Structures are given as structure tokens and as C-alpha cells.
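Since the structure comes first, as C-alpha cells, the remarks are kept for the end.
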Amino acid sequence: MAPYIATAQRQFEQQQAEALAKKLAIEKAEKEQALIDLYNQRDHYWQQAHEQADRTCPTGYDAASRYLHQLFEAYQLHDNAASFEQRFKRFVTANSRRKALLNRLSDLPK
């Protein structure tokens with residue numbers, strides 16, 4: 001009986017691993033598609049980041065940070081980090097007096 005239980009256990013664990021791998025692959029594909037869509041509308045998202053920063057409140061800064069982090073990932077996916085850095089520098093310069101906002105962006109390349 002024990003060999004059957006061990007075989008069933010291995011099969012169950014293999015099925016669990018396959019299901020997890022499939023789930024992760026789907027999540028990765030969905031995230032990549034979202035980043036592709038974002039990149040295709042990047043000018044809109046840059047504008048949104050500026051508008052949120054202009055609100056000069058914590059929720060606006062959080063939203064601007066979220067947009068910029070997503071833009072960074074989208075530019076990386078398209079192997080276009082130099083273009084991101086150029087626009088990001090302009091964003092930072094335009095918002096240089098907003099220390100709370102800049103603190104939220106400290107992990108992005110300058």
C-alpha cells in the first residue's frame with residue numbers, strides 16, 4: 001500500500017507544481033501585456049504623472065510614483081531605458097522642490 005501512496009503523493013505534487021507554473025506564466029504574460037499597453041500610451045501616463053504631482057498632496061504623489069514606476073518597467077521591457085531616464089530627469093527637475101515626491105522616486109535611476 002505504501003508504494004501506491006508514495007506514487008500518488010508524487011503525482012499530486014507534480015500536478016501542483018505544473019498548476020503553479022501555469023499560473024505564474026499567465027500572470028507574467030498579463031503583466032507584460034499591461035506594460036506593452038502602457039508603453040504604447042506612454043505620453044498619456046507621463047501627463048498623468050505630472051498632473052498627479054501638481055496636486056501636491058500625498059495621494060497625488062503616491063499616484064505619480066506609481067505611474068513612474070510602471071513607466072520605468074515598460075521602458076525596460078522595450079529596452080529603452082535611456083529614453084525613460086531623459087524624460088525622468090525633466091520630471092525631477094520640474095518637481096525639484098517637492099521633496100516628499102522625490103523621496104517616493106528615490107529607487108528610480110536618475
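Computed from a predicted structure; not experimentally measured.
For Thr93, the side-chain contact (heavy atoms from CB on, under 4.5 Å) test picks out no residue, with sequence neighbours left out. Listed by chain and number, the residues in a salt bridge (charged side-chain N to carboxylate O under 4.0 Å, His left out) with Arg42 amount to none (sequence neighbours excluded). Qualifying side-chain hydrogen bond (donor to acceptor under 3.5 Å, both in side chains) partners for Asp62, counting only residues two or more places apart in sequence or in other chains: Arg104.
Remark: Glu73 CD to Leu108 CG distance equals 10.0 Å, nearest 0.5 Å. One finds the CZ atom of Phe72 at 7.5 Å from the CD atom of Glu85 (value rounded to the nearest 0.5 Å).
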Pair Gln15-Gln11, side-chain hydrogen bond (donor to acceptor under 3.5 Å, both in side chains): steps then yes or no: CA-CA 6 Å; Gln15 289 172 345; Gln11 287 176 342; over 6 Å; no
Audit row: Glu27, Lys31, side-chain contact (heavy atoms from CB on, under 4.5 Å) steps and yes/no: CA-CA 6 Å; Glu27 288 174 358; Lys31 181 176 181 174; over 6 Å; no
Check against side-chain contact (heavy atoms from CB on, under 4.5 Å), Phe91 and Leu68: CA-CA 10 Å; Phe91 181 90; Leu68 292 169; 3.4 Å; yes
Lys23/Ile26 under side-chain contact (heavy atoms from CB on, under 4.5 Å): CA gap, chis, key distance, verdict: CA-CA 5 Å; Lys23 179 183 175 200; Ile26 290 170; 5.9 Å; no
side-chain contact (heavy atoms from CB on, under 4.5 Å) evaluation trace for Glu51 with Arg55: CA-CA 7 Å; Glu51 288 176 12; Arg55 290 179 50 208; over 6 Å; no
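In terms of heavy-atom proximity, Leu102 sits nearest to Ser96 at CD1-O, 3.7 Å. The two residues Phe88 and Trp46 make their nearest non-hydrogen contact at N-CH2, 3.7 Å. In this structure, Ala64 and Gln52 approach most closely via the heavy-atom pair N-CB, 3.8 Å. Contact detail for Asp107 and His69: the closest heavy-atom pair is OD1-NE2, 2.8 Å.
Gln9 and Glu13 form a side-chain donor-acceptor contact under 3.5 Å, judged by distance and modelled atom types alone.
Side chain of Ser65 to main chain of Tyr61: no donor-acceptor pair is present (N/O by atom type, distance under 3.5 Å, no hydrogens or angles).
Clustering ILVMFWY residues whenever any of their side-chain heavy atoms sit less than 4.5 angstrom apart, transitively, puts Tyr45 in the very cluster that holds Leu105.
Annotation: Asp43, atom CG; neighbour count of heavy atoms from other residues, nucleotides and ligands within 6.0 Å is above 12.
Looking at heavy atoms from C-beta onward, Arg98 lies in side-chain contact with Asp54 at the 4.5 angstrom threshold. Leu38 is not listed as a side-chain neighbour of His44, based on a closest heavy-atom distance of 4.5 Å or more. In this structure the side chain of Phe84 never reaches within 4.5 angstrom of the side chain of Asn80, judged on heavy atoms.
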